[in-house]
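All figures in this text were calculated on a predicted structure; none of them were measured in a lab.
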Amino acid sequence: MLTIYNTLTRKKEEFKPLHPGVVNMYVCGPTVYNYIHIGNARSAIAFDTVRRYLEFKGYQVNYVSNFTDVDDKMIKAAAEQGITVPQLADKFIKAFMEDTAALNIEPATKRPRATESIPEIIDFIKVLIEKDYAYVKDGNVYYRTRKFKHYGELSGQSIDDLETGASEHITAEEIQQKEDPLDFALWKAAKPGEINWDSPWGQGRPGWHIECSVMSTRYLGKTIDIHAGGQDLQFPHHENEIAQSEAETGQQFVRYWMHNGFVTIGKDNEKMSKSLHNFITVHDIIKHVDPQVLRFFMATTQYRRPIQYSEANLQDAQNNLEHIRNTYDNLTYRQRDAQNGNDDEVAQRVAAFTQQFITAMDDDINVQNGIATVYELVKYANVYAQKPVVKTEALKTLKQELEALLGIFGVRLETSNCEIDDQAIKDLISKRNQARAAKNFALSDQIRDELKAQGIILEDTPQGTRYRKE
């Protein structure tokens with residue numbers, strides 16, 4: 001039985017989608033004014049892993065994740081770069097798609113841009129005004145927060161505490177315009193020179209929160225199964241989404257709310273963010289780090305837990321992934337001398353490992369216990385690969401299971417062994433084999449060191465000498 005921790009109820013609940021066999025899932029995407037940093041990537045990786053596990057369980061997942069392609073940050077960044085807001089959006093959407101492809105994040109079922117839904121946003125706001133949940137002031141449209149009785153339930157805050165916090169972060173102009181400091185903008189009147197669209201309230205653009213309400217309901221329906229995003233979006237973004245969506249539709253907006261933990265950095269475990277200027281972009285890091293290592297590092301921490309980013313932790317992830325890949329290579333290598341047939345014990349043990357993995361992942365996508373099971377499978381596979389006699393179907397079963405389970409983490413296990421075309425290197429390997437046969441271990445070690453300097457790693461096994469490129 002799959003359980004998911006629901007942020008709204010603050011407990012694990014049995015997962016039951018609205019429509020059997022189908023999961024409608026919305027994940028808040030980036031505001032595309034810069035390259036994504038690894039804190040942003042954490043959310044994309046965490047919920048891509050959730051999606052992959054749901055698909056492993058047999059669900060059809062309709063996965064929608066948006067681009068916010070117009071807001072204050074984008075207007076400012078476009079002006080600084082001397083380009084238009086759409087040009088800025090195109091630039092960083094392209095970069096996002098390249099970076100997430102490198103991280104092996106599955107393409108979303110739909111990747112809508114906020115600016116593609118302007119007519120739907122206007123219609124949505126009209127309904128809120130008609131229902132008296134929103135009001136117009138000087139070309140702006142604001143949501144009457146106190147009118148929504150459940151406001152604050154997602155973030156677990158009282159309306160009075162929220163009012164105190166809100167009053168500290170709004171300008172004197174906004175105080176004059178708003179009926180209440182808690183009210184938030186659904187539509188913003190355009191300032192001179194800003195990108196804008198025509199509306200019944202004058203030229204302007206949508207507020208940030210309304211975009212996701214409209215895109216999620218437009219593409220997934222009035223009630224969706226899972227809405228996910230970073231912990232920092234819980235308030236006010238997701239709180240506001242609930243208020244405006246349920247006011248407009250009169251129906252429950254989301255059945256299960258999922259929020260991922262932060263990526264922290266430095267000895268003080270400070271949250272990584274652009275505002276704190278302590279971020280590292282995916283665009284930069286994958287220039288010198290295998291994207292699959294970064295993916296493995298993030299995907300193997302349970303989504304609600306924080307991740308501490310450090311070179312040491314990244315190196316640990318690389319070592320663990322290399323160990324798994326080497327095991328996969330061991331299984332591939334033994335296919336050369338394997339006997340035809342199967343091994344019932346291997347089939348039974350693999351089935352047991354798979355069930356152990358499912359039990360772990362069914363507990364709120366507990367990837368840490370899940371990867372622990374994978375390590376047990378790896379240990380068993382290595383022991384089997386060292387046996388004098390191995391069976392073809394047993395090797396195939398072990399390889400396929402490693403591929404399937406690591407695939408849920410978004411990690412590819414293609415073999416790292418490569419055919420070596422350089423005849424001089426082949427000759428050296430042959431010469432070393434002759435030296436070992438003659439018990440000339442000094443020459444054997446000398447050749448091994450010479451090959452290592454050229455990036456060729458040797459491994460002596462009972463079945464002969466293996467080699468691979470480092």
Side-chain angles (χ1 to χ4, degrees), residues 4 7 23-56 61-69 89 91-114 211-212 215-216 219-220 224 226-234 237-238 257-265 271-274 279-286 289-307 309 314 317 365 367 406-412:
I4 288 177
T7 308
V23 178
N24 289 321
M25 182 172 182
Y26 185 91
V27 179
C28 285
T31 301
V32 284
Y33 69 101
N34 202 340
Y35 296 108
I36 59 167
H37 59 66
I38 59 174
N40 305 135
R42 200 282 161 96
S43 181
I45 290 171
F47 297 117
D48 180 65
T49 304
V50 172
R51 173 193 185 173
R52 287 171 180 269
Y53 185 63
L54 290 170
E55 291 173 339
F56 172 83
V61 182
N62 299 319
Y63 189 96
V64 176
S65 187
N66 70 297
F67 292 117
T68 294
D69 60 345
K91 173 183 176 180
F92 287 113
I93 286 174
K94 181 175 182 290
F96 174 89
M97 299 304 289
E98 290 171 351
D99 291 343
T100 53
L103 295 172
N104 198 25
I105 292 171
E106 288 189 323
T109 309
K110 182 72 177 177
R111 277 269 180 202
R113 299 189 185 198
E211 297 171 358
C212 285
M215 286 184 282
S216 61
Y219 295 107
L220 295 173
I224 62 178
I226 296 173
H227 195 318
Q231 182 182 332
D232 53 330
L233 298 180
Q234 191 173 331
H237 185 53
H238 290 163
W257 284 94
M258 301 179 74
H259 292 92
N260 65 272
F262 295 132
V263 175
T264 63
I265 192 168
K271 173 197 167 188
M272 184 177 292
S273 72
K274 293 187 177 76
F279 64 94
I280 303 168
T281 68
V282 174
H283 189 76
D284 287 335
I285 195 172
I286 62 177
V289 173
D290 179 354
Q292 285 281 278
V293 170
L294 182 59
R295 168 86 197 214
F296 183 76
F297 168 59
M298 292 199 163
T300 52
T301 296
Q302 205 267 352
Y303 73 94
R304 287 195 289 125
R305 296 190 177 195
I307 293 179
Y309 177 83
L314 201 60
I365 320 294
V367 295
L406 267 295
I408 293 169
F409 296 100
V411 174
R412 304 185 185 96

(message) According to salt bridge (charged side-chain N to carboxylate O under 4.0 Å, His left out), who are the partners of Asp69, at least two apart in sequence or on a separate chain?
(response) none
(message) Quick one, Arg304 with Thr7, criterion side-chain contact (heavy atoms from CB on, under 4.5 Å). Give me CA distance, side-chain angles, the key distance, then yes/no.
(response) CA-CA 10 Å; Arg304 287 195 289 125; Thr7 308; over 6 Å; no
(request) Decide yes or no for His238 and Cys28: does some side-chain heavy atom of the first lie under 4.5 Å from some side-chain heavy atom of the second? (result) yes
(message) If you compare all heavy atoms of Gln231 against all heavy atoms of Gly261, which two are closest, and at what distance to 0.1 Å?
(response) OE1-CA, 3.7 Å
(request) Please name the pair of heavy atoms, one in Met258 and one in Ile226, separated by the smallest distance, quoted to 0.1 Å. (result) SD-CG2, 3.6 Å
(request) Work out which heavy atom in Ile365 is nearest to a heavy atom in Gln302; give both atom names and the distance. (result) O-CG, 3.6 Å
(message) For Glu98, give me all partners under side-chain contact (heavy atoms from CB on, under 4.5 Å), at least two apart in sequence or on another chain.
(response) Lys94
(request) Could you check if a side-chain atom of Thr49 sits within less than 4.5 angstrom of a side-chain atom of Tyr303, using non-hydrogen atoms only? (result) no
(message) Check the orientation of Trp257 and His227. Use parallel for under 30°, tilted for 30 to 60°, and perpendicular for over 60°.
(response) parallel
(message) Please enumerate all residues that pass side-chain contact (heavy atoms from CB on, under 4.5 Å) together with Ala101, with sequence neighbours excluded.
(response) none
(request) Please name the residue in the list Asn260, Asp232, Asp48 that meets the side-chain hydrogen bond (donor to acceptor under 3.5 Å, both in side chains) test with Ser43. (result) Asn260
(request) May I ask you to test the Met298-Ile38 pair for a side-chain heavy-atom distance under 4.5 Å? (result) yes
(message) Whether the side chain of Asn104 engages the backbone of Gly410 through a donor-acceptor N/O pair (distance < 3.5 Å, no angle test) should be reported.
(response) yes
(request) Heavy atoms only: give me the nearest Ile36-Asn40 pair and the separation to one decimal. (result) CA-OD1, 3.5 Å
(message) Between Ile307 and Phe297, is there a side-chain heavy-atom distance shorter than 4.5 Å?
(response) yes
(message) Please check: side-chain N/O of Ser65 versus main-chain N/O of Val27, any donor-acceptor pairing under 3.5 Å?
(response) yes
(message) Are the side chains of Tyr309 and Ile285 in contact, using a 4.5 Å heavy-atom criterion?
(response) yes
(request) For residues Arg52 and Gly407, report the shortest heavy-atom separation together with the two atoms involved. (result) NH1-O, 3.1 Å
(message) Distance check, rounded to the nearest 0.5 Å: Asn24 atom CG versus Asn62 atom CG?
(response) 5.0 Å
(message) Do Val282 and Tyr35 have side chains that approach each other closer than 4.5 Å (heavy atoms only, starting at C-beta)?
(response) no
(request) Keeping the roles fixed (side chain from Glu55, backbone from Val61), state whether a donor-acceptor pair exists under 3.5 Å. (result) no
(request) Working to the nearest 0.5 Å, report the span between CD1 of Ile408 and CZ of Phe56. (result) 4.5 Å
(request) For a ring-ring contact (aromatic ring centres under 6.0 Å, His included) with Phe67, tell me which candidate from Phe92, Phe96, Tyr33 qualifies. (result) Phe96
(message) Please report the interatomic distance CD1(Ile286) to CG(Leu294), rounded to the nearest 0.5 Å.
(response) 8.5 Å
(request) Please check if the side chain of Asn66 supplies one atom and the backbone of Gly29 the other of a donor-acceptor pair under 3.5 Å. (result) yes
(request) State, yes or no, whether a side-chain contact exists between Tyr63 and Glu106 at a heavy-atom distance under 4.5 Å. (result) no
(request) Work out which heavy atom in Thr301 is nearest to a heavy atom in Pro306; give both atom names and the distance. (result) CG2-O, 4.0 Å
(request) Would you give the length of the straight line joining atom OG1 of Thr264 to atom CZ of Arg42, rounded to the nearest 0.5 angstrom? (result) 10.0 Å
(request) Please examine the side chains of Val50 and Met25, heavy atoms only from C-beta on, and report whether any two atoms are closer than 4.5 Å. (result) yes
(message) So does Val411 get a backbone contact from the side chain of Arg295, meaning a donor-acceptor N/O pair under 3.5 Å?
(response) no
